[in-house]
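Reminder, nothing fancy here: chain letters follow the sequence lines and each chain counts from 1.
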There are 2 protein chains.
Amino acid sequence: MNPVEPERSNVVSRAPGRPREPETDQHILDAAFRLMAQHGYVRMSMDAVAAEAGVTKPTIYRRWPSKIELAMAALSAYCDASRPPVTGDTRSDLIAEMEHFRRAISRPYGMSLYGTALAEEHETPELLVAFREYLVVPRRRALRTLLNAAQARGELRPGVDVALVVNLLIGAFYAQYVAGDPLADDWSEKLVDTLWEGAASTR
Amino acid sequence: MNPVEPERSNVVSRAPGRPREPETDQHILDAAFRLMAQHGYVRMSMDAVAAEAGVTKPTIYRRWPSKIELAMAALSAYCDASRPPVTGDTRSDLIAEMEHFRRAISRPYGMSLYGTALAEEHETPELLVAFREYLVVPRRRALRTLLNAAQARGELRPGVDVALVVNLLIGAFYAQYVAGDPLADDWSEKLVDTLWEGAASTR
DNA sequence: TTAAATTTACTATACTAAATGGTATTTATT
DNA sequence: AATAAATACCATTTAGTATAGTAAATTTAA
């Protein structure tokens with residue numbers, strides 16, 4: 001997933017020859033990510049990536065052997081490991097995590113990446129695999145950890161499937177977006193509370 | 001959204017000239033829908049549609065003026081108005097509707113269409129608009145109707161946002177699919193029950 | 001110490017082969 | 001005569017490559 005490193009005969013001493021421009025890797029990855037989110041994988045052209053990164057095409061191909069490799073590297077590089085801190089209060093921790101998610105998909109083109117990853121499922125399955133690994137799994141794992149802790153503290157109704165609750169939480173955002181409705185500021189709070197208390201009026 | 005009809009000076013008498021092949025419209029729409037679902041809108045080529053429909057490109061362009069118009073027509077034609085019957089039992093009606101949905105996105109390429117519609121949000125926004133109108137809105141409306149009736153019967157906890165419950169129900173499928181996990185046969189039932197009773201152990 | 005040789009990175013440009021949306025022209029059918 | 005359909009075509013775009021020359025680093029030799 002990382003750029004192809006030039007061979008080195010000696011680990012300590014610098015390799016001979018002109019060293020790579022140090023900032024170029026990131027410029028290319030940023031451009032690729034942005035163009036893929038905005039236009040989709042198919043419409044992300046290598047010419048456009050080169051132009052936006054301020055380099056030429058051979059400079060890209062020196063680092064990544066193909067368009068799909070570049071796209072996967074861009075997803076990997078974007079992978080946002082920063083998560084909201086865990087306090088131990090289940091409700092506020094869930095809301096914080098969902099707010100983090102809401103802001104992510106409220107960014108410009110924040111949801112389009114989901115689209116192109118799903119759309120490429122059959123043509124370019126590696127893209128969906130990478131997308132899941134770098135952008136989907138980390139958030140799901142964080143939510144699962146929160147809910148497992150709540151379950152250990154006896155805060156969950158017996159028999160509740162934690163994975164299903166994760167799907168309910170995350171999916172509600174997808175559904176709202178797919179429907180074309182806006183994600184209001186108090187959405188995360190209402191979402192967590194409704195799911196926590198349930199929809200039914202009687203037990 | 002319908003194919004362009006040739007002008008007719010007289011409603012009763014037949015229009016002059018060679019009549020259109022009667023089944024061609026549907027063949028083209030079927031091919032367009034299938035190819036769009038399988039390969040995505042960008043990769044759905046007019047040549048491939050023509051080949052799969054057993055016609056030539058000008059035959060398509062006689063009916064729809066452009067690729068995007070054909071794609072929207074294909075979505076419209078696919079629009080599945082058939083819904084499971086409503087019995088009045090909220091739980092079983094919800095489960096039936098969700099099972100209907102589960103089967104739809106479990107079909108081959110059933111979810112890829114969501115992907116390409118989302119991916120085209122900025123390049124071809126008409127596609128997402130049509131997708132919402134023909135494939136998203138009908139299902140959401142059916143669920144909303146079910147839940148409104150339940151609410152009128154006092155079956156919902158006071159203050160519950162019906163639109164939010166719709167998002168929770170539908171979105172859970174999306175989230176499961178995006179995560180790459182299979183949609184088991186008892187999914188709809190577990191989903192409805194979990195959401196109905198809530199996740200919390202105490203009131 | 002210094003200059004040349006070597007090695008690698010980068011730019012610029014052109015190119016290929018294939019695919020694509022759309023059309024002008026011709027032929028077939030009623 | 002009038003319309004539908006088929007053939008052949010066009011202009012453009014695209015991923016990827018090839019070539020020629022320049023820039024920046026190290027290695028080697030005088």
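- Under the 6.0 Å cut-off for aromatic ring centres, A/Y114 and A/F131 qualify, their centroids lying closer than that.
- Summarising the geometry, the separation between NE2 on B/H27 and C1' on D/dA4 is reported as 16 Å, rounded to the nearest angstrom.
- Checked against a 6.0 Å centroid threshold, the rings of A/Y134 and A/Y78 do not count as neighbours.
- Atom-to-atom, CG of A/L70 to P of D/dT14 comes out at 15 Å; the value is rounded to the nearest Å.
- The nearest whole Å value for the distance from the CZ atom in A/R43 to the P atom in D/dA15 is 12 Å.
- Side-chain nitrogen and oxygen atoms of B/T59 include at least one within less than 4.0 Å of the OP1 or OP2 phosphate oxygen of D/dA6.
- Residue B/R20 contributes atom CZ, which lies 8 Å from atom C1' of D/dA4 at whole-angstrom precision.
- The OH-C1' distance, from B/Y41 to C/dT20, rounds to 12 Å in whole Å.
- When each of C/dC10, D/dA24, D/dG16 is scored by its nearest atom to the side-chain atoms of A/K67, the top-ranked nucleotide is D/dG16.
- A heavy-atom distance below 4.0 Å to DNA chain C is reached by these residues of residues 49-58 of chain B, ordered by number: B/K57, B/P58.
- Going from atom CE of B/M46 over to atom P of D/dT12 covers 20 Å, rounded to whole Å.
- Residues forming a side-chain contact (heavy atoms from CB on, under 4.5 Å) with A/A163 (at least two apart in sequence, or on another chain): A/D161.
- Remark: A/R63 is in phosphate contact with C/dC10, judged by side-chain N or O atoms under 4.0 Å from OP1 or OP2.
- Atom CD in B/E23 sits roughly 12 Å away from atom P in D/dA5 (whole-Å rounding).
- In this structure, the side chains of B/L168 and A/L191 come closer than 4.5 Å at one or more pairs of heavy atoms.
- For A/M44 and D/dT13, the CE to P distance is 18 Å, given to the nearest whole Å.
- Positionally, the nearest nucleotide of DNA chain D for B/P22 lies more toward the 5' end than for the other of B/D47 and B/P22.
- Qualifying side-chain contact (heavy atoms from CB on, under 4.5 Å) partners for B/E133, counting only residues two or more places apart in sequence or in other chains: none.
- With values rounded to the nearest 0.5 angstrom, A/F101 atom CZ is found 10.0 Å from A/L169 atom CG.
- A cation-pi arrangement is found for A/K67 relative to A/Y41, the charged atom lying closer than 6.0 Å to the ring centre and inside a 45° cone about the ring normal.
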